[in-house]
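Everything below concerns the one structure shown next.
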Amino acid sequence: MEKIPGEYCRLNFDIGTTLNCGECFCWRPDETGYHAVLGGKMRHLSQNDTVEKGSFLFHYLDMAYDYEGAMQEIAAMDPLLQQAVAEQGPLHLLNQDLWETIIGFILSQNNNIKRIMGLYDALSCSYGTAVDGGYTFPTPSQMQSVTEAELRALRLGFRAGYVLDAIQRSDELLSLKEKSFAEADAVLQKTKGIGPKVSACIRLFGLHDLSSFPQDVWIKRVMSEHFQGKDETFFAPYQGLAQQYLFTWIRQHYQR
DNA sequence: GGCCAGGCCCCAG
DNA sequence: CTGGGGCATGGC
């Protein structure tokens, strides 16, 4: 297949930075780059790849958004952000599957990213569909008859009941795309195990609400150490992206 | 081996 | 409305 100039985009950002920045739990490194099962298929991504306009990965990687421009504006907000931007370069906010994002961030609470990925794999392997060397993340219907005992056996711990409640509410949760972000927030927080922070993550990473500003222990740390007296409105209208830069920066620089 | 993790629930004040 | 203990598990 001949590549038509202009129809394909280079990956003009470091894919590892984005795929490892804690917004997704599905990508795994391999010899040539990364792979993940998304949209029902095994996807491979290497730094030198090009993505076709209109393709699954073009949308997933949010290639149409001007991250270079946003990055410059964020850098101009504050010296720390300027440093974070300089160190990390362009960082994309992915367009992820909503259901996968909901469950992923329910699993995330009081947990670390390595273990979240392990639980993500356990759910996929147990209830998903096998496709070329991997498993799809299970749909709500594939998890319909799951029991709390099964989920605890997969080592979800106290999050088992939360996942169960999300499954019960899956019809309503999957309709969030048609609601405003404020309405979505209210529905999300009615779900067991979804509070302000997890809801903010789901809105940012699953609904692409770029004004969402999730505050986990790392963000609270960097806010209290470097942004005293300020809140998320300081970063408007780039709250979501600025938050990802701060998250990555403080995790790399925090001592003890 | 103890502290911590992309927190939230629940219950006291 | 705010504060703090408890929660399952395993990475480091």
Below 4.0 Å: OP1/OP2 of [N] and any side-chain N or O of [X]:
X: A:Lys114; N: C:dC12; answer: yes
X: A:Arg159; N: B:dA5; answer: no
X: A:Arg155; N: C:dG10; answer: yes
X: A:Arg115; N: B:dA5; answer: no

Aromatic rings A:Phe235 and A:Phe213: how do their planes relate, parallel, tilted or perpendicular, breaks at 30° and 60°? parallel
Kindly determine whether A:Arg10 and A:Asp49 satisfy salt bridge (charged side-chain N to carboxylate O under 4.0 Å, His left out), including the steps that lead there. CA-CA 7 Å; A:Arg10 295 176 160 283; A:Asp49 285 351; over 6 Å; no
For A:Gly22, which contact category applies under a 4.0 Å heavy-atom criterion: base, sugar-phosphate, or nothing? base
Contact class for A:Phe205 vs. all strands (heavy atom < 4.0 Å): base, sugar-phosphate, or nothing? base
With a 6.0 Å cut-off on ring centres, are A:His226 and A:Trp249 close enough? yes
In Å and rounded to the nearest 0.5 Å, what is the CD1 to CG distance from A:Ile219 to A:Leu246? 5.0 Å
Across all strands, who's sitting opposite B:dC8 as a Watson-Crick or G-U wobble pair, both distances under 3.5 Å? C:dG6
Residue met sooner reading DNA chain C from 5', once A:Gln109 and A:Asn112 are mapped to nucleotides: A:Gln109
